[in-house]
Amino acid sequence: MPQLLDVSGLTIEVRVRGQVFPVVRNVDLSVAAGESLCIVGESGCGKSMTALGIMRLLPRGASRTVLRLGFDGVDIAHLSQGAMEELRGQRMSMIFQDPNTAFNPSYTIGDQLQEVWLRHKGGGRDAARARAVELLERVGIASAARRLGQYPHQLSGGQRQRAMIAMALMCSPQLLIADEPTTALDVTVQAQVLRLLRELQSELGLALLLITHDIGVVAAMADRVAVLYAGEVVETGPVRHVLDSPCHPYTKGLLDCLPRPGAAARRLVTIPGTVPVPTDSRSGCGFAGRCALMVDDCQVGAVALEAIDGERVVRCRRWRLMSELPLSTCMESAPARSSKEMGQPILFTDGVTRDFRLSGGLFSAPHFLRAVRGVSLRMRAGETVAIVGESGCGKTTLARILLGLLDQSTGDVRLDGRPIAALARRAVARFVQPVFQDPYASLAPHRRVVDTVARPLDALAVGTRSARRRTALDTLARVGLPSHLAGRLPAELSGGQCQRVAIARALVLKPPILVCDEPTSSLDVSVQAQILNLLSDLKDEFGLCVLLITHNLAVVEHLADRVVVMYLGRIVEEGPVDEVLRRPRHPYTRLLLSSVLRPDIRGGGLAVVDRDESFPDPLNPPPGCAFHPRCPKASAVCRSQDPATRTVSPVSFACHHPDHVAPADRTAEREEKRNVRAL
Amino acid sequence: MSATSDTTLAPRTDSLGSVPRAWRKRGLVIGGTILLIIILMALLAPWLSPHSPYDQDLNKRLIAPWFLGGADPAHLLGTDHLGRDYFARMLYGARVALMVGLGTVALSSPIGITLGLLGGYYGRRVDLVVMYLVMVRLSLPVVLVALAVVGLIGSELTIIMAVLASLLWDRFVVVTRSLVMQLREREFVLAARAAGSSDLAILLREILPNLAAPLTVVATLEMANAILLEAALSFLGLGVKPPEASWGLMIAEAKDMVFFEPWLINIPGFALFALVIGINLFGDGLRDALSIRRGA
């Protein structure tokens, strides 16, 4: 097959304070028309730099050498800037990660789409406009003509990313480079966008170069996979081979450390250590320090790529020994989920509602955004409860109320039986502590790690200064942070290490409840596994009660005992994890589950989700069941009546037409319907 | 924010290496040198010049400085129209300039930073009050108000500093407030609240340290501003009173002779210029040296 893009020997070096470090080393890639190649790897492995190097859009300070940068039979490595500009946008285009920043907020969507066309094709505005409307419709944006006049902020995140795709396709390029196109999106929207990309790809015969860290995305999208580690391609091959029988220990490690649905093992495999930074000097295999197959030889001399068969290439001298990779270190099985007796509820909420006042204009009444609607929640000692839902469903607001950082508008929140409003800030602090998503943002940048951990003790003035410091050091040891790092600043630590510090700070007061708001979603998979293992160890050790807020259902299944599904501020389903995830009662839970990309389901798993404009406006929620505009089972009742929460042990849900409910309950449902009709 | 940005190329290792990096900043070195020289001149004034800045000698009026072929080697920068040693007056003028600059900022920065912290952190009504005060302040023309107040109360150095300080806090408020509004939503501030820290502790220990770098720059700008305003007030005759020596006053006293003996104005004018530039360069360099490099 003739290759559309054919890169060989791409090396990118970055100059940092006068010294030059390679971030991409001697990378060979090729993509044929109509093919999709996924580049996968952890952060810092040089994925984005590779993409920018191909587009010749490297940032200042980065320099590139390449043997051949072939595009459609022509070596573009030495084309003039002008000729390159003709290519970009017209024959090769790019989609970026964050749809919020990829559009210029001061121009309308239409202007920005048409500009691409006018730049390359010239001609009249009418032709450009017609093309823009055509593409917006193609990417599933309703009333496209009207959308052209709107500004980026008037579109939802998913719509914006689809508009971005439309913009990239304006001139029908041959090559589309997508750099983490769905990482900033909700799972449901991710499924939409990926499905759209795949349809467009087969329809237009696009070559797709997709960069991702998510094995689920790889499984859903890729024909071939290139695994990048520390700037080098360590393995390339067809997706089924790479994911089913990886030949490089790193690929295997990446696959093994994913929490998988249904896996009985409670401890995840981790890859010891972290990705080497480009400034480290090294010889031999870059993965040697983290590899179970490592022998002394691995640290000497450059490791060459070795062909396994016609399609597969691996950069490991010992790949033939992959089958010998000791399983014992991988599958350290821990006791299965204990169905321990749960104690009294230590956290209790009843009908909690929170409104945010959005100021209206000078003469208009203020709006109220109801972020949380009548949430009733119970947590017992030692229990882990997960809250899931799309962004904007009120998860974070609820967490902040429970942390005492926000007051509820109405309703009752009790910690250990006492209303939270009556407790002093310090008393709440001893009871519940947070762990946040972004490990760097959650540590004060000017403070040394050990002082950060000692801060909660300082605030409560516990014991002497030196005793507080000792406690902090003990806690740091407990979360597995090497003691020589205690005097460092957060900027000197890796993301995983910072998250350990944040966990230590939360634990130092020995609170019974930990509220973790997306604790692993900004971490790499190998680090995510380490943090999840740490959390489950700490749970057992301290008998902690963890409230886990996440969008990652695999993490929920791995860590939680009970799951709470929220939609538009309301709990729509709640129950034991196994029950809810195996047999969802509420159509929304089903939708979430069907949007999850699973590494073991190849090329499928992208459910058809959502008509375009059905995502409701939280300022003006739909009448009746808030989910009805997106619900395949919506009926007249759903449009008029908000379903009450019903409990059919062990699950409670708020839906007029639940699945998996025993016939006896169905009768009740029918009677209810009859009553409604009678009304 | 997401972990998946691959462009974290800057190594997260040597943020403690800020001192050597700072010295590479030429501005910091040049500004620091100028400042140091002027500070030393001010401190060592009695030892550097054998003359008193106040002693008049009408026999030795308007001697040109050495670089203009001045006749008297005892008077390096010559003498003014009353025969006072110009070098001595420059040295003592440096004292006034530095005192006004430091004193004013020492008084105005606590006002501005406090208001900015309160407005930015508490928002809503508190912020409305703070912004109202800023607007009142901005509607007052500094020179006119300072002239009026100094004219009414008197023109001791302390009064000048107090008046300037009460007029030059607005930039501290604006900068502090906008930064606090961003910082108060940051997760480390939320974590401190969740850990039971009081508002005061959060403002002083979590938020304020992160403002050090930008506020340093504001402080240097305001210092330069205060020095120039003092010179302007003295020039207008309502600042430092004769026979005290102030650079602005020296320019004022020489203004009749601007066409005949221009060096009388050029020397204090150049000194003012050098001091202000030195302070600004030093402030910029300090900001770069202070700012902690963050990961991600």
Side-chain angles (χ1 to χ4, degrees), chain A residues 14 16 21 23 43-49 59 62 97-98 180 183-184 211-213 277-279 400 403-405 424-430 432-434 436-438 440-447 452 455-456 459-460 489-495 498 502 505-506 509 521-524, chain B residues 1-18 20-22 24-25 123-125 127-128 179 182-215 290-296:
Chain A
V14 171
V16 181
F21 302 102
V23 290
S43 52
C45 283
K47 306 189 296 282
S48 293
M49 287 303 255
Q97 174 176 348
D98 190 348
E180 304 269 8
T183 306
I211 291 171
T212 183
H213 69 286
V277 290
T279 46
R400 298 214 166 149
L403 283 163
L405 297 175
R425 200 187 267 186
R426 292 175 173 198
V428 177
R430 286 186 173 283
V432 46
Q433 281 291 311
F436 295 108
Q437 172 174 356
D438 180 349
Y440 289 105
S442 68
L443 302 180
H446 60 274
R447 187 168 291 144
T452 289
R455 275 300 290 158
L460 302 187
L489 291 171
E492 300 169 89
L493 303 183
S494 71
C498 281
R505 172 180 58 191
L509 292 175
S521 60
S522 62
L523 302 173
D524 278 318
Chain B
M1 251 204 210
S2 154
T4 47
S5 66
D6 271 354
T7 42
T8 45
L9 301 166
R12 293 183 179 131
T13 35
D14 59 1
S15 72
L16 289 182
S18 60
R21 215 153 28 86
R24 254 182 268 157
K25 301 273 175 207
R124 293 166 186 258
R125 291 205 182 110
D127 192 36
L128 283 180
L179 288 171
Q182 295 165 21
L183 284 170
R184 75 168 175 203
E185 299 301 329
R186 290 279 294 274
E187 289 168 341
F188 69 86
V189 173
L190 288 178
R193 280 177 65 198
S197 300
S198 64
D199 285 353
L200 185 67
I202 287 172
L203 282 172
L204 295 184
R205 303 203 46 185
E206 308 291 334
I207 291 179
L208 200 54
N210 291 294
L211 303 181
L215 286 180
L290 279 178
S291 59
I292 296 167
R293 296 195 54 191
R294 289 180 195 163

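So you know, we letter chains A, B, ... as the sequences are listed, proteins then strands, and number each from 1. Hydrogens, waters and symmetry mates play no part in the numbers below; they use all other heavy atoms, side chains included.
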A:Leu405 versus chain B, heavy atoms under 4.5 Å apart: side chain, backbone, both or neither? both
B:Ser197 side-chain N/O to B:Ala192 backbone N/O, donor-acceptor pair under 3.5 Å: yes
Does any N or O in the side chain of A:Tyr440 come within less than 3.5 Å of the main-chain N or O of A:Ala491, such that one atom is a donor and the other an acceptor? no
When the 4.5 angstrom heavy-atom criterion is applied to A:Arg505 and chain B, the contacting part is side chain
Between B:Leu190 and A:Arg400, is there a side-chain heavy-atom distance shorter than 4.5 Å? yes
For chain A, find which of B:Ala212, B:Ala201, B:Gly196 contributes the most heavy-atom pairs closer than 4.5 angstrom. B:Gly196
Check: A:Ala459 main-chain N/O paired with A:Arg426 side-chain donor or acceptor under 3.5 Å: yes
